[in-house]
Amino acid sequence: MASLRDTTVVITGASSGMGLATAHAFARLGANIVLAARRTGLLDLAARECESLGGRALAVTADVTDPAQMRGLAGAAAEAFGRIDIWINNAGMSLWGPFEEIPLESQARLVEVNLLGAINGTHAVLPHFFAHGGRGILINNISIGGKVPMPWATTYTATKFGLAGFTEALRDELSAHSDIRVCGVYPPFVDTPTNLHSPNYTGRALRPVPPVVTPERVAEVMVELAFRPRRSVRIGAQHALAVPYAVAPDRTGRLVARLGERFLLRSGPRAPASPGSLFEPVMDGRRTRGGWGEPERARARRTLAVLALAGMAGLGAAALARPGR
């Protein structure tokens with residue numbers, strides 16, 4: 001792959017998980033990396049790692065929910081490296097549990113992080129893109145939750161559907177008067193330390209539903225978009241769930257909700273309710289990978305197999321219900 005030397009990439013949520021893996025990937029190609037997150041010590045360590053991989057790096061402590069801090073991040077990046085070429089709105093987290101049992105302040109804060117955080121970052125970088133000829137690449141890390149509704153993560157789903165809509169509308173708007181490219185990335189469950197960071201009101205330890213992809217796979221997609229921007233990239237086989245949802249949404253949704261209740265609320269190790277890092281950063285979990293849910297993978301695979309069979313049954317039932325059948 002060609003070098004990205006002298007290309008400046010800003011990444012939010014860069015102290016762990018997909019953000020850190022993406023920073024490493026761009027650094028290996030010689031890019032200038034600007035890493036943003038709330039955890040100063042871990043950011044500094046991540047910046048040193050990027051420099052050891054061949055890139056130049058700048059760590060900026062910033063909270064995506066604060067518009068002034070996002071403007072400061074963009075200004076620091078432009079001052080350090082002369083311009084901004086790629087901006088990745090990566091910061092975000094999930095939120096699990098019965099909707100009525102999750103405190104409203106936690107749900108409101110999730111909207112601020114997942115949706116307003118990306119809006120704040122985008123609003124901060126666009127003037128810099130316009131100042132350099134109306135060029136640049138904006139990448140929003142969305143989620144399969146922006147394509148397929150996720151029972152027991154209702155507000156998370158709302159934020160991701162909202163971010164997907166924001167991405168689509170902004171892309172079309174900017175295409176009318178600039179060469180700014182807007183890309184959406186839709187990963188499934190990813191092996192990051194999200195079990196430490198994401199708020200959890202299920203009463204059980206969070207476990208992923210396979211197939212789980214690595215954060216390095218998501219990072220590869222981010223780098224590919226730097227060379228060949230596209231409207232959207234869906235990662236992982238779980239996106240196949242969109243088909244039964246489209247054909248038999250009620251039947252599919254009820255089945256997914258029942259299976260989710262059994263998997264998330266009624267099985268697995270017990271765990272106390274936790275707001276995760278919604279309001280204050282959790283200092284643990286600085287790695288790219290989380291290694292979470294390993295003992296439960298076999299059960300989760302069976303759950304996914306049942307979902308696939310149910311989807312096929314739904315397609316068959318819908319076909320039989322058509323006039324003339």
Side-chain angles (χ1 to χ4, degrees), residues 92-104 106-108 110-111 114-115 140 142-169 184-190 194 198-204 206-213 231-268 293 296-297 299-325:
M93 62 187 71
S94 55
L95 171 62
W96 299 93
F99 171 79
E100 68 277 8
E101 295 181 12
I102 301 174
L104 276 177
S106 294
Q107 304 200 45
L110 188 78
V111 175
N114 286 4
L115 181 55
N140 288 333
I142 303 175
S143 163
I144 187 175
K147 294 290 187 181
V148 177
M150 304 180 72
W152 314 107
T154 53
T155 300
Y156 173 77
T157 299
T159 66
K160 294 304 184 176
F161 266 70
L163 182 55
F166 170 75
T167 302
E168 296 290 324
V185 177
Y186 296 83
F189 284 86
V190 183
T194 188
S198 290
N200 178 14
Y201 296 90
T202 65
R204 305 283 179 170
L206 288 180
R207 297 164 297 148
V209 176
V212 179
V213 304
R231 292 181 63 90
S232 65
V233 181
R234 303 184 188 191
I235 306 172
Q238 290 172 356
H239 283 279
L241 279 172
V243 176
Y245 261 111
V247 175
D250 291 340
R251 184 180 294 109
T252 303
R254 284 193 296 269
L255 177 61
V256 171
R258 287 196 293 267
L259 291 173
E261 180 181 26
R262 183 184 307 167
F263 181 73
L264 292 167
L265 308 183
R266 302 186 185 281
S267 64
E296 303 294 336
R297 294 288 172 87
R299 180 181 298 176
R301 288 190 185 95
R302 289 194 295 271
T303 300
L304 192 65
V306 171
L307 282 172
L309 291 172
M312 294 173 63
L315 288 172
L320 290 173
R322 292 173 186 162
R325 294 284 180 180

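What you see is a predicted model, and the numbers here were worked out from it, not measured in a lab.
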Do you know the tightest heavy-atom contact between [X] and [Y]?
X      : Y      : result
Pro199 : Met93  : CD-SD, 3.7 Å
Thr194 : Ser94  : OG1-OG, 4.0 Å
Gly162 : Leu115 : C-CD1, 3.8 Å
Gln238 : Pro188 : OE1-CB, 3.1 Å
Tyr186 : Ser232 : CE1-CB, 3.7 Å
Pro151 : Tyr245 : CD-OH, 4.2 Å

Which residues share a side chain to side chain contact (heavy atoms under 4.5 Å, CB included) with [X], sequence neighbours left out:
X      : answer
Ala158 : none
Phe166 : Ile119, Thr122, Asn140, Leu163, Leu170
Ser106 : Ile102, Pro103, Tyr201, Leu278, Phe279

Can you sort out the partners of [X] under side-chain hydrogen bond (donor to acceptor under 3.5 Å, both in side chains), two or more places apart, ordered by chain and number?
X      : value
Thr154 : none
Tyr156 : Ser143
Arg262 : none

Task: side chain to side chain contact (heavy atoms under 4.5 Å, CB included) between Arg254 and Asp250, intermediate numbers included - done: CA-CA 6 Å; Arg254 284 193 296 269; Asp250 291 340; 3.7 Å; yes
Calculate, to the nearest 0.5 Å, the distance between atoms [atom1] and [atom2] belonging to [X] and [Y] respectively.
X      : Y      : atom1 : atom2 : answer
Lys160 : Ile144 : NZ    : CD1   : 12.5 Å
Thr157 : Phe99  : OG1   : CZ    : 11.5 Å
Ile142 : Asn114 : CD1   : CG    : 11.0 Å
Leu110 : Thr155 : CG    : OG1   : 7.0 Å

- [ ] Answer yes or no: is there a donor N or O on one side and an acceptor on the other, between the side chain of Trp152 and the main chain of Ala257, under 3.5 Å?
- [x] yes
